[in-house]
Amino acid sequence: AAGLGAMVQSLGRRYVGAFNRRHGRSGKLWAGRYRGTVVQPGATLLEALLFIDLHAVRHNTVHAAEDALFCSARHHLGQVLAVDGGWTIW
């Protein structure tokens, strides 16, 4: 199993090197791609919540946001309560 892990790691490193040369980049493959930031309460926070909660609806994965498994729409609609990192359905 250790040999397999080393092989996958080596393959990943070679791929990233080739990708960076091809695209004139440097560093890790996902560097700068994702980041976290604090969003203050208000219109911007509401837009961010809607963007995330309606993602599955926009991509026709579900009919309504509350049907999506990994979004907070049901919580915001009062259908579930987040308790100790889990969900309690009302």
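- Hydrophobic clustering (ILVMFWY, side-chain heavy atoms < 4.5 Å, transitive): L45 and L77 are in distinct clusters.
- Atom CG in L4 sits 11.5 Å away from atom CD in Q9 (nearest 0.5 Å).
- Atom NE2 of H63 is surrounded by 12 or fewer heavy atoms from other residues, nucleotides or ligands within 6.0 Å.
- Considering CZ of R58 and CZ of F51, their distance stands at 5.0 Å, rounded to 0.5 Å.
- The NE2 atom of H76 lies 5.0 Å from the CG atom of L49; values are rounded to the nearest 0.5 Å.
- With a 6.0 Å radius and a threshold of 12 heavy atoms from other residues, nucleotides or ligands, R13 has its CZ atom at or below the threshold.
- Residues passing the side chain to side chain donor-acceptor pair (under 3.5 Å) test with H55: none are found, sequence neighbours excluded.
- Nearest heavy atom pair, residue R74 against residue L69, reads NH2-O, 3.7 Å.
- One finds the CD1 atom of I52 at 9.5 Å from the SG atom of C71 (value rounded to the nearest 0.5 Å).
- Between the side chain of R25 and the main chain of V16, no donor-acceptor pair closer than 3.5 Å is present.
- Remark: N20 CG to K28 NZ distance equals 12.0 Å, nearest 0.5 Å.
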